[in-house]
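Note that this is a predicted model, so its numbers are computed, not measured. Labels below follow one simple rule: chain letters A, B, ... track the order of the sequence lines, proteins then strands, and each chain is numbered from 1.
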Amino acid sequence: MVDIHIYNTKARTKQPFEPIDPSNVRMYVCGPTVYDHVHIGNARPVAVFDVMFRLLRHVYGSDHVTYARNITDIEDKIMERAERDGVSIKSLTERCARQYQTDMLKLGTLEPSLQPKATEHLPEMIKMMKTLIEKGHAYVADGHVMFHVASMENYGQLSRHSRDELIAGARVEVAPYKKDAADFVLWKPSSEDQMGWSSPWGKGRPGWHLECSCMIEKHLGETIDIHAGGQDLIFPHHENEIAQSECSHGATFVNYWMHNGYLTVDGEKMSKSLGNFHTVHDLLKEHEGEALKLSLLVAHYRQPIDFSIKTIQEQKRRLDRWYRLTDGVDADTTIPVAVIEALADDLNTPRAIAALDALASDDTAGALKAGAQFLGLLLKSNDSWFKGDAPDGITASEIEVLIADRIKARANKDFSESDRIRNRLESAGVALEDGASGTTWRKAD
RNA sequence: GGCGCGAUGGCGGAGUGGUGACGCAACGGAUUGCAAAUCCGUGUACACGAGUUCGAUUCUCGUUCGCGCCUCCA
């Protein structure tokens, strides 16, 4: 049995991973709010924790891991966007959720076991709020249901923020209905024309944190093994999930918290206002999904990544090399130990990739293929990888005709004609390679 | 202000108390009509200053610089 070690945010240290139930290891990852295309930063946790999912399946068996990744389809930004675009909330969220799932699959990630949606868990949310009110952890004020932070002894255990610090550092105006500046919203009132659900406290909608607590409890149980997401979620999102869940059921909420580092562009956080915003959807038009995914895995997940197109191109070249080497080679039936060991050490993907590079030679191509495919790479045929859909403006058969003409010219030592044909193909985006077994072509980079 | 993270060669990026991971780029060579692809070869990197040590890029302290979070952003 492989020993997995995980850096646990709760303990701020690397710990051996011991599942609650090896026959059902449970992991939850915070997914996107669906109101637009997701950006490449949103894809980082998806790519990273997909590797975790694969590793857990490898170690505990593919039928013994449950991985849930939620879709947040209730949020004020959704309402604003739907109104701006004049579309219904439902059509907006469903379209975006579908697009998200399609794009993530193109990155070569596995489909999670479950993809629960907030809108499907209103009864559970109402039930949790009732429990929290009964137990004195929440109160009703001015149409809101608020979580009362002071009612929880060890609030702040994950982020290491004390309630006092929060109040001292508060940057926003304290809403008048709050008993305490640190209190947060479980439920807020909706006007007639806003999205909302009926509840014992009137028509309203849930606060952001409540859905994750409820979906985890319903689908995975009161205590789960791994909860993951971006570093920015540590506070307030995950801290408040802990508060809601542990105060409502009393059990430990999560044993291992994993948080991926930020992805920046030119050293700055990606944001629309800075104009450095790259959506996965757009990137997939220009770049291979596998190259995109590898770009997200070349750095350790807890390190920041300064994203660039150059990185994608570098990873494309690495994959080109791996594809050439493994052409026509069957993948070994076992995954290289070095790859598994690297991943088991707190998901050290750079080391796993280096291990694959070390296997990138003719006599270990089968191992390379097995290891790469374990990560969801090298899954295409070489034809599809190098040729893909024929480049714009020229068909594969036209290319073959020109190659045949060029072979004739070369046989006649008519190199000016030969080069003319090659240049013509090059300007059409086709690169030629004269190998020992003849001339082949591929799409130029 | 509070909490936390980081600084490795031209670039990306692991790791380690004592032989320069790995990849990209660059350069030289082989191969090629020329290329491409491939193969062989080439590199005195660990922000700065102290300390601990036989020995520090790795441990400790300090400095500088950069970044994130502090109520709804992965």
task: Identify, with sequence neighbours excluded, every residue that meets ring pair (Phe, Tyr, Trp, His ring centres under 6.0 Å) alongside His227(A).
output: Tyr28(A), His238(A), Phe253(A), Trp257(A)
message: For His121(A), give me all partners under ring pair (Phe, Tyr, Trp, His ring centres under 6.0 Å), at least two apart in sequence or on another chain.
response: His219(A)
When rounded to the nearest Å, what value does the distance between [atom1] atoms of [N] and [M] take?
N      : M      : atom1 : answer
U16(B) : G2(B)  : P     : 32 Å
G20(B) : C61(B) : C1'   : 29 Å
U60(B) : G66(B) : C1'   : 23 Å

- prompt: Where does RNA chain B pair, written as one dot-bracket string 5' to 3', with Watson-Crick or G-U pairs under 3.5 Å, ( ) inside the strand, [ ] for crossing pairs and | for another strand?
  reply: (((((((..(((.....[...))).(((((.......)))))....(((((..]....))))))))))))....
When the distance from [atom1] of [X] to [atom2] of [N] is rounded to whole Å, what number comes out?
X         : N      : atom1 : atom2 : result
Arg44(A)  : C73(B) : CZ    : C1'   : 15 Å
Arg302(A) : G15(B) : CZ    : C1'   : 14 Å
Phe235(A) : C73(B) : CZ    : C1'   : 14 Å
Asp50(A)  : A74(B) : CG    : P     : 19 Å
Glu241(A) : U71(B) : CD    : C1'   : 14 Å
Asp320(A) : G23(B) : CG    : P     : 16 Å
Leu233(A) : U71(B) : CG    : C1'   : 13 Å

message: For a quick check, with a 4.0 angstrom heavy-atom cut-off, what is the B/S/- contact string for nucleotides 30-35 of chain B, read 5' to 3'?
response: ---BBB
Between the protein and nucleotides 9-13 of chain B, list the N/O to N/O atom pairs that are separated by less than 3.5 angstrom.
| residue | atom | partner | partner atom | Å |
| --- | --- | --- | --- | --- |
| C11(B) | O2' | Lys310(A) | NZ | 3.0 |

Pair up each side-chain donor or acceptor in residues 139-146 of chain A with any protein partner under 3.5 Å, not counting sequence neighbours, and list the distances.
| residue | atom | partner | partner atom | Å |
| --- | --- | --- | --- | --- |
| Tyr139(A) | OH | Lys179(A) | N | 2.6 |
| Tyr139(A) | OH | Asp183(A) | OD2 | 2.6 |
| His144(A) | ND1 | Asp142(A) | O | 3.0 |
| His144(A) | NE2 | Tyr177(A) | OH | 3.3 |

message: Assess, by modelled atom type and distance only, whether the side chains of Tyr301(A) and Asp346(A) contain a donor and an acceptor separated by less than 3.5 Å.
response: yes
- request: May I ask you to check whether Glu75(A) and Thr72(A) show a side-chain donor-acceptor distance below 3.5 Å?
  value: no
Do the side-chain N or O atoms of [X] get closer than 4.0 angstrom to the phosphate oxygens (OP1, OP2) of [N]?
X         : N      : answer
Lys77(A)  : C73(B) : yes
Arg160(A) : C70(B) : no
Arg351(A) : G15(B) : no
Asn240(A) : C72(B) : no
Arg317(A) : A25(B) : yes

For [X], all residues meeting salt bridge (Lys or Arg N to Asp or Glu O under 4.0 Å), sequence neighbours excluded:
X         : value
Lys14(A)  : Asp345(A)
Glu94(A)  : Lys90(A)
Arg422(A) : Asp419(A)
Glu288(A) : Lys380(A)

field: Partners passing side-chain hydrogen bond (donor to acceptor under 3.5 Å, both in side chains) against Asp383(A) (at least two apart in sequence or in another chain)
entry: Lys387(A)
Please tabulate, one pair per line, all N/O donor-acceptor pairs under 3.5 Å involving side-chain atoms of residues 105-113 of chain A, not counting sequence neighbours.
| residue | atom | partner | partner atom | Å |
| --- | --- | --- | --- | --- |
| Thr109(A) | OG1 | Met104(A) | O | 2.7 |
| Ser113(A) | OG | Tyr67(A) | N | 2.8 |
| Ser113(A) | OG | Tyr67(A) | O | 3.4 |

